[in-house]
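Structure, as structure tokens:
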2 protein chains.
Amino acid sequence: MRISKEKAAENRDRILKAASRLMRERGISGVGVDALTEAAGMTHGSLYSQFGSKERLVEEAVADAIAAKGRELREDATVDDYVSEYLSAEHRDDPGSGCPFAALCCEMRQQSKGARERFTAGVKGMVGWLSSRMDKETKLKRRDDQALATLSSLVGALVLARAVNDPKLSDDILRAARNGLGG
Amino acid sequence: MRISKEKAAENRDRILKAASRLMRERGISGVGVDALTEAAGMTHGSLYSQFGSKERLVEEAVADAIAAKGRELREDATVDDYVSEYLSAEHRDDPGSGCPFAALCCEMRQQSKGARERFTAGVKGMVGWLSSRMDKETKLKRRDDQALATLSSLVGALVLARAVNDPKLSDDILRAARNGLGG
DNA sequence: TGCATAAAATGACGATCGTAATTATAATTG
DNA sequence: CAATTATAATTACGATCGTCATTTTATGCA
């Protein structure tokens, strides 16, 4: 079969958006092409027409998730604003539309070179965004280090808060990390 | 077939040890029963005789990895000692025998209740160990919070350092986190 | 010591995975 | 406007996944 060019582009985008969400929710190796295409209302083979392989889709989905999340960043937001949102219960409980770094970090090691490069570029972008909002009195190199340490704390706290079974402990992790970051 | 009781117990342990390592290296959903039993020198079905299901094996492997790692903790070690080892290049480059929290955290959410409970218990144990080594002048509650924040930073830095493709950035992440933790 | 029983690894099974050949229909061109 | 071409989704395929029935043999008891 063949459908109109616009419809095909729309279908492609639906698969991409579904992948972006489902991979964050269930993990990259935890979601099959079946689930990905079904979520977009198509049969599993259509993925191959649009992306060539699951590996390629992963690369695009990683880039798409990071780019979409980057567009949500407010230019006038402070680091404290970001920390508060990041370490909130809402963010913890909605990984599908949450931080791609926290959702995908553990699986990146076994992904394709292209996917890892896009992930790495995203981390660098995030570090730059944070660094530019650090106290301007400290020197540049030190600001970058602070940004890296902050991002590590954010990601670590979020993944641990999501991993543990005990709601109280989960809340404690988020709160302790907020305090540690001076939020 | 059936083999001697001792031999069976030894086989069971080999599967468990292989699972403990492979799941940390490739992820839980990234390793099949094939690879797990083959690494122990048996056919894939033997897993079922010993553990009943992959889910059960996951539970035992998570507990085993955490317990084994806990036994490595030196009673006379300081928090700084631990931070230095944890955020080393050696630890980053050998996930198979490294921290189970960092290796498995992102996948715990979609695991069985039993597996998550063992993971959670492990986190609590680690927090207790860290907390007991925090500055005794600060009050207990605050020490626990410091321990939680420290663990978050450690895990976050390690998973990010492993995820990124750029060796320099990876080293920078570890160093920045060490500095941030005052190590 | 011989028979019954329990148990552990093997091998066979259905389900699901990712891929490629097939089919059907827009888009292109004479 | 008709014939060709290009392409997107369907469908069929081999490989691999996790599970269970079978087989073989160690163990317990008479």
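Remember, predicted model here, so these are calculated numbers, not experimental data. Note on naming: letters A, B, ... go to the chains in the order of the sequence lines (proteins, then strands), and numbering restarts at 1 for each one.
- Across all non-hydrogen atoms, the minimal contact from B:H91 to B:E85 is CB-O, 3.7 Å.
- Of all non-hydrogen atoms in A:E59 and A:S112, the two that sit nearest each other are OE2-OG, 2.7 Å.
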Pairs under 3.5 Å (N/O, protein and nucleotides 3-6 of chain D):
unit_1	atom_1	unit_2	atom_2	d
D:dA6	N3	A:R2	NH1	2.9

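- For A:S53, there are no side chain to side chain donor-acceptor pair (under 3.5 Å) partners at least two apart in sequence or on another chain.
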Please tabulate, for side-chain N and O atoms in residues 27-41 of chain B, each donor-acceptor pair with protein atoms closer than 3.5 Å (sequence neighbours left out).
unit_1	atom_1	unit_2	atom_2	d
B:S29	OG	A:S29	OG	2.7
B:S29	OG	B:E107	OE2	2.9
B:T37	OG1	B:V33	O	2.8
B:T37	OG1	B:D34	O	3.2
B:T37	OG1	B:H44	N	3.3

What nitrogen or oxygen pairs link the protein and nucleotides 11-15 of chain C at under 3.5 Å?
unit_1	atom_1	unit_2	atom_2	d
C:dA12	N6	B:H44	NE2	3.0

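- Here the closest non-hydrogen pair linking B:E25 and A:Q110 is O-OE1, 3.2 Å.
- Scanning both residues, A:I173 and A:A157, for their nearest heavy atoms gives CG2-O, 3.5 Å.
- With sequence neighbours excluded, no residue forms a side chain to side chain donor-acceptor pair (under 3.5 Å) with B:R118.
- The stretch residues 49-58 of chain B touches DNA chain C through B:S49, B:Q50, each having a heavy atom within less than 4.0 Å of the strand.
- Between the CD1 atom of B:I3 and the C1' atom of D:dT24 there is a distance of 12 Å, rounded to whole Å.
- Of all the residues in residues 19-40 of chain B, not one reaches under 4.0 Å from DNA chain C with any non-hydrogen atom.
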*Step by step, would you call A:E60 with A:R56 a salt bridge (Lys or Arg N to Asp or Glu O under 4.0 Å)?*
CA-CA 6 Å; A:E60 293 215 39; A:R56 289 273 193 79; over 6 Å; no
Side-chain donor/acceptor pairs under 3.5 Å, residues 61-69 of chain B, sequence neighbours excluded:
unit_1	atom_1	unit_2	atom_2	d
B:D64	OD1	B:K17	NZ	3.4
B:D64	OD2	B:K17	NZ	3.3
B:K69	NZ	B:E72	OE1	3.0
B:K69	NZ	B:S97	O	2.8

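- Crowding of A:R142 atom CZ: a count of heavy atoms from other residues, nucleotides or ligands under 6.0 Å not exceeding 12.
- Atom NZ of A:K113 has 12 or fewer heavy atoms from other residues, nucleotides or ligands within 6.0 Å.
- Sequence neighbours left out, the pairs with a member in residues 158-171 of chain B that pass side chain to side chain donor-acceptor pair (under 3.5 Å) are A:K124-B:D166, B:R92-B:S170, B:R92-B:D171, B:K168-B:D172.
- Residues from residues 7-17 of chain B that place a heavy atom under 4.0 Å from any atom of DNA chain C, listed by number: B:A8, B:N11.
- For residues 105-153 of chain A, the pairs satisfying ring pair (Phe, Tyr, Trp, His ring centres under 6.0 Å) are A:Y82-A:W129, A:F101-A:F119, with sequence neighbours left out.
- Few gaps surround CD on A:E10; more than 12 heavy atoms of other groups in view lie less than 6.0 Å from it.
- Residues passing the side chain to side chain donor-acceptor pair (under 3.5 Å) test with B:E75 are B:R133, sequence neighbours excluded.
- What separates CG of A:L47 from C1' of C:dG18 is a distance of 9 Å, to the nearest Å.
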